[in-house]
Amino acid sequence: PPPEAAPPPAPTPAPRPRRAGGPAACPALGPDVPGFWYAGRASPGDAGSEIVLASGVNVRDAYPSKATGWELGGFLCSLREGARVRIAADPVLVPGGAWWVPIRGEDLLAP
């Protein structure tokens, strides 16, 4: 009998689309819908600075405060490592030494 044919090669998966830069990276943010991202124990800069994120961050609708019972706000979106952002308002230092940065859609800069 003739040899059996080899199975066809597995299809190559389509490349995953990259998240858009600029305001499309977080459509939940807008001029009237601010968010906040955790910057860690060091302030990432002053109002007016433009930075590139060294790691991905989650954007929340509030930062931990007495008013929120020290709870994190609701999740709005994630920004990936390498995203360019403008620090349009001074970061907020919360008790315990953590910095939270306010952000709006227009603060997300194109790559």
Side-chain angles (χ1 to χ4, degrees):
E4 292 188 29
T12 303
R16 291 176 53 182
R18 296 197 63 165
R19 287 189 185 148
C26 190
L29 293 174
D32 299 323
V33 182
F36 298 87
W37 56 273
Y38 174 70
R41 298 280 178 194
S43 174
D46 297 322
S49 301
E50 291 183 9
I51 64 168
V52 174
L53 296 178
S55 62
V57 298
N58 290 329
V59 177
R60 305 276 181 174
D61 63 7
Y63 59 89
S65 68
K66 191 172 184 176
T68 65
W70 302 108
E71 296 291 325
L72 290 175
F75 175 82
L76 295 175
C77 65
S78 291
L79 302 176
R80 63 178 163 80
E81 174 184 345
R84 289 182 53 234
V85 298
R86 179 184 309 108
I87 301 174
D90 287 326
V92 178
L93 179 61
V94 300
W99 289 92
W100 285 81
V101 183
I103 189 167
R104 295 182 185 273
E106 60 267 20
D107 301 330
L108 299 170
L109 307 174

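Reckoned from all heavy atoms, side chains included, excluding hydrogens, waters and symmetry mates. In this chain, numbering begins with 1 at the start of the sequence shown. Bear in mind the structure is a predicted one, so any value in this text is a computation, not a measurement.
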**Request:** Kindly indicate whether the side chain of P44, heavy atoms from C-beta on, has any atom under 4.5 Å from the side chain of S49.
**Result:** no
Using distance only, find each side-chain donor-acceptor pair of residues 100-111 under 3.5 Å and give its atom names and separation, not counting sequence neighbours.
from: R104; atom 1: NH1; to: P31; atom 2: O; distance (Å): 2.4
from: D107; atom 1: OD2; to: R104; atom 2: N; distance (Å): 2.8

**hydrophobic_cluster_shared for V94 and F36, side chain cutoff 4.5 Å** = yes
**Message:** I'd like to know if Y63 and L72 are part of one continuous hydrophobic network [Ile/Leu/Val/Met/Phe/Trp/Tyr, side-chain heavy atoms within less than 4.5 Å].
**Reply:** yes
**Asked** Nearest 0.5 Å, what's the CD1-CD1 distance between I51 and I87?
**Response** 4.0 Å
**Message:** To check you understand the geometry: which heavy-atom pair defines the closest contact between R84 and V52, and what is its length?
**Reply:** CG-CG2, 3.9 Å
**Asked** Taking atom CG of L93 and atom OG of S43, what is their separation to the nearest 0.5 Å?
**Response** 8.5 Å
**Complete:** Note: A42 and W99 closest approach over all heavy atoms is C-CD1, 3.5 Å
**Asked** Transitively linked via ILVMFWY side-chain contacts under 4.5 Å: L79 with L29?
**Response** yes
**Message:** Nearest 0.5 angstrom please: L53 CG to W37 CH2, how far?
**Reply:** 5.0 Å
**Prompt:** What are the two closest non-hydrogen atoms of G35 and V59, and how far apart are they?
**Reply:** CA-CG1, 3.9 Å
